[in-house]
**Q** 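First the structure, then my questions, so here it is.
By convention here, the first residue in the shown sequence is residue 1.
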Amino acid sequence: MRSLNGLRWFAITTICLAAAGLVACLLTNADADEKIYKLEYKLKKGTAFGMKTTIERKSVREMMGNEIKSTTMDIVVYDAKVTEAKGGTATIEVTYEDRSHETDDPQVQLDVDFSSLLGKTVQFSVTSLGELSEFAGFDALPELAISGGQTHGESQYINELKEFFIRLSEDKIAVGETWSYTEEFNEPVEGGGAKVVVDYTYTLAEVAEKNGHDCLKLTGESTTKVTGKGVEQGMEYTITLGGKGSETAWFAYKRGMLLETETVSFLEGAVVAEDVGFEMPMRNDYTSKRTFALK
């Protein structure tokens, strides 16, 4: 009986230990799922990294009863370095290393020479939450002819860099939680300007490894509205566009820096000149990828 009782005691103890282990495991998993993260850009002085963006635009527009399709590819490569970091704000110096612009648009066959841009250096500040300001040197960058009399200048250079930094949540968040913000900026159009308003909502989707870094996977949704007016060849026109986008981003939270973002979006609407009864419907579909090479 002693032997039997000993076996019973051993069996009961084993079951209790297993149950305790199961409870501990469940508690651990619950803690992991409910872990709170503080998302911050942690850019220390002397930190160096590469930045690259690739944007493909597929465009369809109707003009005089004809449908015109085209594909345009833009690639920009920067070399970046943090020259100062103080009070949660970092000053970043970027140098243009490479740039290309290719299109098969039958109405825009223009070879763009970027040689005057390459090697130029500008700087800006970014807070720990991803707010950019104090842009310096952009007014000295060359204005480049892109298409249809349009030029690529100071405001476009700045807006391109703003798109690299997601605005992070002000509050600590857990997996499954969201935060939102709105960006507004102006873009020049032929003979005038357009206001762009983008509403973003991001979700902390999961914790995972990416390129050897412990990362937070962020998923985003955006809604864009564009309204503007201008004058071309004496003809006044308005432009109204709207669209949506989705994004996946990988944030290396221990390093405090983004690794990669991929975005798919579209804009559609029309350019209208009421005085002459002209309307040109259009739609642009974008696929973009931005990467950071941390050194």
**Q** Is a side-chain donor or acceptor of Ser169 paired with a backbone partner of Asp171 at a separation under 3.5 angstrom?
**A**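 Here the side-chain-to-backbone pair exists.
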
**Q** Is any side-chain N of the basic residue among Glu163 and Arg290 closer than 4.0 Å to the acidic one's carboxylate O?
**A**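 Counted as a salt bridge, because a side-chain N and a carboxylate O are separated by less than 4.0 Å.
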
**Q** Can you tell me how far apart CD (Glu62) and CE (Met280) are? Round to the nearest 0.5 Å.
**A**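 It is 10.5 Å, given to the nearest 0.5 Å.
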
**Q** I need the minimum non-hydrogen distance between Asp139 and Glu154, along with the two atoms involved.
**A**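 Residues Asp139 and Glu154, closest heavy atoms: CB-OE1, 3.7 Å.
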
**Q** Sequence neighbours left out, cut at 3.5 Å: what donor-acceptor pairs do the side chains of residues 40-49 make with other protein atoms?
**A**
residue, atom, partner, partner atom, Å
Tyr41, OH, Ile166, N, 3.1
Tyr41, OH, Ile166, O, 2.8
Thr47, OG1, Lys44, N, 3.4
Thr47, OG1, Lys44, O, 2.7

**Q** Donor-acceptor pairs under 3.5 Å, side chain of residues 78-90 to any protein atom, not counting sequence neighbours: which ones?
**A**
residue, atom, partner, partner atom, Å
Asp79, OD1, Lys295, NZ, 3.1
Thr83, OG1, Thr91, O, 3.4

**Q** Within this structure, what is the CG-CG distance for the pair Asn284 and Leu241, rounded to the nearest 0.5 Å?
**A**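 If we round to the nearest 0.5 Å, Asn284:CG and Leu241:CG are 7.5 Å apart.
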
**Q** Report, one line per pair, each donor and acceptor closer than 3.5 Å where one atom sits in a side chain of residues 68-76; sequence neighbours left out.
**A**
residue, atom, partner, partner atom, Å
Thr71, OG1, Lys58, NZ, 3.4
Thr72, OG1, Arg57, NH2, 3.4
Thr72, OG1, Thr103, OG1, 3.0
Asp74, OD1, His101, ND1, 2.7
Asp74, OD2, His101, ND1, 3.4

**Q** Between Thr121 and Thr95, do the side chains contain a donor N or O and an acceptor N or O under 3.5 Å apart?
**A**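 Yes, side-chain donor-acceptor contact under 3.5 Å.
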
**Q** Measure the shortest side-chain to side-chain distance between Asn211 and Leu294 over non-hydrogen atoms and say whether it is less than 4.5 angstrom.
**A**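 No, their side chains stay 4.5 Å or more apart.
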
**Q** Only counting residues at least two apart or in another chain, list the ones meeting ring pair (Phe, Tyr, Trp, His ring centres under 6.0 Å) with Tyr202.
**A**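 By the ring pair (Phe, Tyr, Trp, His ring centres under 6.0 Å) rule, Tyr202 matches Trp179.
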
**Q** Quick one: list whatever passes side chain to side chain donor-acceptor pair (under 3.5 Å) with Thr201, sequence neighbours left out.
**A**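 Applying side chain to side chain donor-acceptor pair (under 3.5 Å) to Thr201 gives Ser180.
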
**Q** List, one per line, each side-chain donor-acceptor pair under 3.5 Å for residues 193-200, sequence neighbours excluded.
**A**
residue, atom, partner, partner atom, Å
Asp199, OD1, Thr182, OG1, 2.6

